[in-house]
Amino acid sequence: MSELDLGPAAAIPEGGSKGYHSGSELLFAVKKGGEIYLYRNSCPHVGIPLEWVPDRFLDPSGALIQCANHGAQFTIEDGHCVAGPCRGQALEAIAYTLRDGHLFAQIDV
Ligand code: FES
């Protein structure tokens, strides 16, 4: 297990999302209701990153995570795919800790 410092949690906008590229790791976070949800940035449909526009991982309503490639939609809270070509699958949640205002991802290596 290794720990990646993703920077200040305050950099993730409330009701928005932020992408991270650290070494070979692609991750993204969503902040909703003050809670942070962290996932690997890999769509279960084809295994490619979800976003076309940097830091934009949500649908226009901000209620669901959306893959820009073929439109799969996922719940923010558990990454479960509720619509699109990978319905029933899920994003890989990444454990994290918050320390001194920074988000640290716990990555299996
Ligand atoms: S790669 Fe995400 S919906 Fe196809």
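In listed order, ligands and their atoms are each counted from 1. Positions are given from 1 along the sequence.
For the pair Glu77 and Lys32, the salt-bridge criterion is met [side-chain N within less than 4.0 Å of a carboxylate O].
Put simply, the side chain of Asp100 never gets that close to the backbone of His102: no donor and acceptor are under 3.5 Å apart.
The side-chain hydrogen bond (donor to acceptor under 3.5 Å, both in side chains) test with Gln73 singles out one residue from His80, Arg87, Gln66, and that residue is Gln66.
Scored by the side chain to side chain contact (heavy atoms under 4.5 Å, CB included) test, Asp55 finds Lys18 as partners (sequence neighbours excluded).
By the criterion of side-chain heavy atoms lying less than 4.5 angstrom apart, applied directly or through intervening Ile, Leu, Val, Met, Phe, Trp or Tyr residues, Leu27 is not grouped with Ile76; the two fall into different hydrophobic clusters.
By the 30° and 60° cut-offs, the orientation of the rings of Phe57 relative to Phe28 is parallel.
Inside a sphere of radius 2.8 Å centred on atom 4 (Fe) of ligand 1, the protein N/O/S atoms present are His45 ND1, His70 ND1.
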